[in-house]
Amino acid sequence: MKSHRIIEDLELAKALLDSRKNQILRLAREEPLTVKQLAERLNEKPSRLYYHVKKLEELDLLVETKQHGNLIEKYYQTNPMQRSYTFDRELAAENSAYILQELSRVFQEGIGIIEEQIHLNRDGEKMLAEANIAYRSMTPKEWEQKLIRGAVAAENGSDTVEPDEQEELGPYADQTEKDDYVLVTLSYRLKDVRAPKP
């Protein structure tokens with residue numbers, strides 16, 4: 001099953017970088033849910049989620065799975081074909097300010113939690129955040145494969161890349177000279193992110 005998708009559309013990039021839409025995708029990954037059920041789990045009004053669900057469905061990130069009897073209530077689930085993403089270089093170049101701003105926000109949220117975790121635990125509860133740094137010598141093709149494997153592993157706990165995904169790593173196939181790379185991963189629990197001050 002092909003699970004890696006190149007982001008060639010700014011609307012898709014915006015959806016994947018939006019924390020509310022990511023929460024919806026995360027909740028709908030395990031089981032089909034209605035908008036009402038999503039709202040209950042997010043402690044939100046259903047009316048505030050319909051736009052996000054519709055947008056995710058338009059982008060093929062969320063799929064309608066079934067309707068319940070004669071009711072109009074629709075169930076949605078995260079598209080199982082979409083597991084990891086990479087920005088198209090042209091899209092990234094054209095929208096670099098926006099993409100860098102959003103990536104910076106994501107990193108700053110995680111770093112803020114790590115900083116707070118170092119100094120104190122909020123309400124006695126352990127916050128979950130971690131940053132890892134590794135240095136490695138590899139070829140450009142190994143680097144690209146590592147990126148995709150890392151994204152897939154982060155998504156589904158597996159460190160395998162499907163054969164058709166390996167074949168897609170074309171641009172670096174003929175580059176065999178090794179170089180030194182630094183690999184940085186940052187992970188944190190979304191519920192530990194403090195809401196921005198108004």
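Quick note: residue numbers are just sequence positions, from 1. In this text, all values refer to a predicted model and were calculated from it rather than measured experimentally. The analysis underlying the following values was restricted to heavy atoms, covering all of them including side chains, and did not include hydrogens, waters or symmetry mates.
Note that OG1 of Thr86 is 4.5 Å distant from CD1 of Ile6, once rounded to the nearest 0.5 Å. One finds the CD atom of Glu8 at 5.0 Å from the CG atom of Asp88 (value rounded to the nearest 0.5 Å). Distance check, rounded to the nearest 0.5 Å: CG of Leu186 to CD1 of Ile113 gives 8.5 Å. Rounded to the nearest 0.5 angstrom, Leu17 CG and Asn22 CG are separated by 8.0 Å. Taken to the nearest 0.5 Å, the CG atom of Asn95 stands 12.0 Å off from the CD atom of Gln101.
No continuous path of hydrophobic side-chain contacts links Ile111 to Leu183 [ILVMFWY only; heavy atoms under 4.5 Å]. If you chain together hydrophobic residues whose side chains sit under 4.5 Å apart, Leu128 and Val106 never meet in one group.
Legend: salt bridge (charged side-chain N to carboxylate O under 4.0 Å, His left out) pairs involving residues 97-111, not counting sequence neighbours, sorted by first then second residue: Glu102-Arg105, Arg105-Glu109.
Under the rule for a salt bridge (charged side-chain N to carboxylate O under 4.0 Å, His left out), the partners of Glu11 that lie at least two apart in sequence or sit in another chain are Lys55. Scanning for side chain to side chain donor-acceptor pair (under 3.5 Å) contacts around Glu31 gives Arg41, with sequence neighbours left out. For Glu58, there are no side chain to side chain donor-acceptor pair (under 3.5 Å) partners two or more places apart in sequence or in a different chain. Ser187 is linked by a side-chain contact (heavy atoms from CB on, under 4.5 Å) to Glu130, counting only residues two or more places apart in sequence or in another chain. Not counting sequence neighbours, Lys21 has no partner by the salt bridge (charged side-chain N to carboxylate O under 4.0 Å, His left out) test.
The two residues Ile114 and Ala129 come nearest to each other via the heavy atoms CG1-CB, 3.6 Å. Among all heavy-atom pairs drawn from Leu42 and Leu49, the shortest one is CD1-CD1, 4.1 Å. For the pair Leu91 and Ala13, the tightest heavy-atom approach, listed with the atom from each and the gap, is CD2-CB, 4.4 Å. Nearest heavy-atom pair across Leu25 and Leu61 is CD2-O, 3.5 Å. Summarising the geometry of Lys45 relative to Ala39, their closest heavy-atom pair is C-CB, 3.9 Å, with the distance given to 0.1 Å.
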Practice problem: List the steps and the verdict of side-chain contact (heavy atoms from CB on, under 4.5 Å) for Glu142 and Lys178. | Solution: CA-CA 9 Å; Glu142 290 171 330; Lys178 290 195 172 198; 3.9 Å; yes
Quiz prompt | Full working for side-chain contact (heavy atoms from CB on, under 4.5 Å) between Glu64 and Glu57 | solution = CA-CA 8 Å; Glu64 183 182 329; Glu57 190 177 18; 3.8 Å; yes
Quiz item: Which is it for Asp9 and Leu59 under the side-chain contact (heavy atoms from CB on, under 4.5 Å) test, yes or no, and what are the steps along the way?
Solution: CA-CA 9 Å; Asp9 172 21; Leu59 293 167; 3.8 Å; yes
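No more than 12 heavy atoms of other residues, nucleotides or ligands shown are found within 6.0 angstrom of OH on Tyr51.
The pair Glu44-Arg20 counts as a salt bridge, with a side-chain nitrogen and a carboxylate oxygen less than 4.0 angstrom apart.
The one candidate from Thr34, Val63, Leu56, Val35 that meets the side-chain contact (heavy atoms from CB on, under 4.5 Å) condition with Tyr76 is Val35. Partner of Phe87 under the side-chain contact (heavy atoms from CB on, under 4.5 Å) criterion, out of Leu16, Leu12, Ile7: Ile7 alone.
At distances below 3.5 Å, not a single donor-acceptor pair connects side-chain atoms of Asp18 with backbone N or O atoms of Lys14.
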